[in-house]
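Data block below; observations after.
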Amino acid sequence: MSSTPLHDWELAPAEAIALQRRLAGRVERVDRLDPVRHVAGVDIGFEQGGEITRAAVVVLAWPPAAEGDFVVVEQAVHREPTRMPYIPGLLSFREVPAALAAFDTLTIRPELVMVDGQGIAHPRRLGVASHLGLWLDRPTIGVAKSRLVGRHGEPGTERGDWAPLHDDGPGGEEVIGAVLRSRQGVKPVFVSPGHRLCLETSVGWVVACLGKTKLPEPTRLADRLASRRDQKRR
DNA sequence: GCGACAG
DNA sequence: ATCTTGTCGC
């Protein structure tokens, strides 16, 4: 899939919204993946007051050495001038270009990618995780720290418990994600299918990638690298 | 017109 | 997202 001319954010919204509507829904979803050898995590951070966009990708070997014990086999950082402001619902146009550039520098092509943000739990069912998956042509899962759209009940208190995230669609109410208790006694994370995967499989992978913290390892490590918290410690 | 609103 | 120290709790 090629790139899109949406750099002029003063004009981008209308085009972006039309593009998202066109791309969403025509994605086939399966409940299993081909053999997985690598799982990647992606996140975007900012430098210099937001002037610079910093994309980080961390590739982990699959399966882990032990439960929750993952080995980082490659990682990449790509910096570029920020091209759009943050607009709820249009996050992908701000973050995907930089993320793709970071992926271009990798020698490995992960079979699964976890993204910090929503998948189909988005107004037009095409959040940043879905969008990135289409351009990478890889299965993706959205793991967000807060809600963008949808209604939900409180999930159970045990790790792995989850409550469905609902929203109204053209054909009535639909399940667009899961509010997952990734760790006991902590605010849940919002998991939603990005590209190609169905909800149950997405939740299964996120749970399988949990370490000792709230966020799954792929996203947590990418988060640290994007925010320079991996070296910022003194 | 008044909220809500991924990162 | 980012600006930022200590502090409460397992």
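The sequence lines fix the lettering, A, B, ..., with proteins before strands; numbering per chain opens at 1. Keep in mind it's a predicted model, so treat the numbers as computed, not measured. What's counted below: heavy atoms across the whole structure, side chains too, no hydrogens, waters or symmetry copies.
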Checklist line | Of residues 151-177 of chain A, the positions that come close to DNA chain B - non-hydrogen atoms, cut-off under 4.0 Å | finding: none

Notebook entry, point to check: Side chain of Thr219(A), backbone of Leu215(A): donor and acceptor closer than 3.5 Å?
Noted result: no

Next item on the list: Mind checking Gly89(A) for me? I need base, sugar-phosphate or nothing, with any heavy atom below 4.0 Å counting as a touch.
Entry: base

Check: Base, sugar-phosphate, or nothing: which does Ile52(A) touch, judged by heavy atoms less than 4.0 Å apart?
Finding: nothing

Item checked: Asp168(A) vs Arg151(A), salt bridge (Lys or Arg N to Asp or Glu O under 4.0 Å): CA-CA, chis, key distance, verdict -> CA-CA 9 Å; Asp168(A) 300 315; Arg151(A) 303 176 297 279; 3.4 Å; yes

Margin query: Base, sugar-phosphate or nothing for Arg94(A)? Non-hydrogen atoms, less than 4.0 Å.
Written below: base

Notebook entry, point to check: Phosphate oxygens OP1/OP2 of dG7(B): is one of them under 4.0 Å from a side-chain N or O of Ser146(A)?
Noted result: yes

Next item on the list: Consider only side-chain N and O atoms of Gln184(A) and Thr157(A), and report whether a donor and an acceptor are under 3.5 Å apart.
Entry: no

Next item on the list: Measure the distance from CE on Met84(A) to P on dA1(C) and round it to the nearest whole Å.
Entry: 18 Å

Next item on the list: Starting from P on dC10(C), measure out to NZ on Lys214(A) and report it in whole angstrom.
Entry: 18 Å

Notebook entry, point to check: Taking atom P of dA4(B) as reference, at what distance in whole Å does atom CZ of Phe190(A) sit?
Noted result: 15 Å

Margin query: Has Ser92(A) got a side-chain atom pairing as donor or acceptor with Val128(A)'s backbone, closer than 3.5 angstrom?
Written below: no

Note to self: Whole angstroms only, please: what is the CZ-P distance between Arg228(A) and dC3(C)?
What the structure shows: 7 Å

Next item on the list: Nearest whole angstrom, please: distance from the P of dA1(C) to the CD of Glu95(A).
Entry: 9 Å

Item checked: Whole-Å distance separating the CD atom of Glu51(A) from the P atom of dC3(C) -> 13 Å

Next item on the list: Remember a base hit wins even if backbone is also touched, and classify Glu47(A) as base, sugar-phosphate or nothing at under 4.0 Å, heavy atoms.
Entry: nothing

Next item on the list: Using atom CD1 of Ile44(A) as one end and atom P of dG7(B) as the other, report the distance to the nearest whole Å.
Entry: 12 Å

Next item on the list: Please tell me which of the listed nucleotides, dC5(B), dG7(B), dA6(B), lies nearest to the side chain of His122(A)?
Entry: dA6(B)

Next item on the list: State whether the side chain of Arg181(A) and the backbone N or O of Pro155(A) hold a donor-acceptor pair below 3.5 Å, judged by distance alone.
Entry: yes

Check: Between Tyr86(A) and dG7(B), do the rings stack, that is, sit under 5.5 Å apart with planes less than 30° off each other?
Finding: yes

Check: Given dA6(B), is OP1 or OP2 found less than 4.0 Å from the side-chain N or O atoms of Lys145(A)?
Finding: no

Check: In this structure, which one of His152(A), Arg125(A), His122(A) forms a side chain to side chain contact (heavy atoms under 4.5 Å, CB included) with Ile176(A)?
Finding: Arg125(A)

Item checked: Partner of Phe190(A) by side chain to side chain contact (heavy atoms under 4.5 Å, CB included), out of Leu180(A), Leu165(A), Leu148(A) -> Leu165(A)

Notebook entry, point to check: Across the strands shown, which category fits Gly127(A) at heavy-atom distances under 4.0 angstrom: base, sugar-phosphate, nothing?
Noted result: base

Next item on the list: Assess whether salt bridge (Lys or Arg N to Asp or Glu O under 4.0 Å) is satisfied between Arg54(A) and Glu95(A), documenting all intermediate values.
Entry: CA-CA 9 Å; Arg54(A) 179 190 172 93; Glu95(A) 303 191 340; over 6 Å; no

Item checked: Short side-chain N/O contact from Arg147(A) to OP1 or OP2 of dA6(B), under 4.0 Å -> no

Margin query: Please report the distance, rounded to the nearest Å, between CZ in Arg229(A) and C1' in dT4(C).
Written below: 13 Å

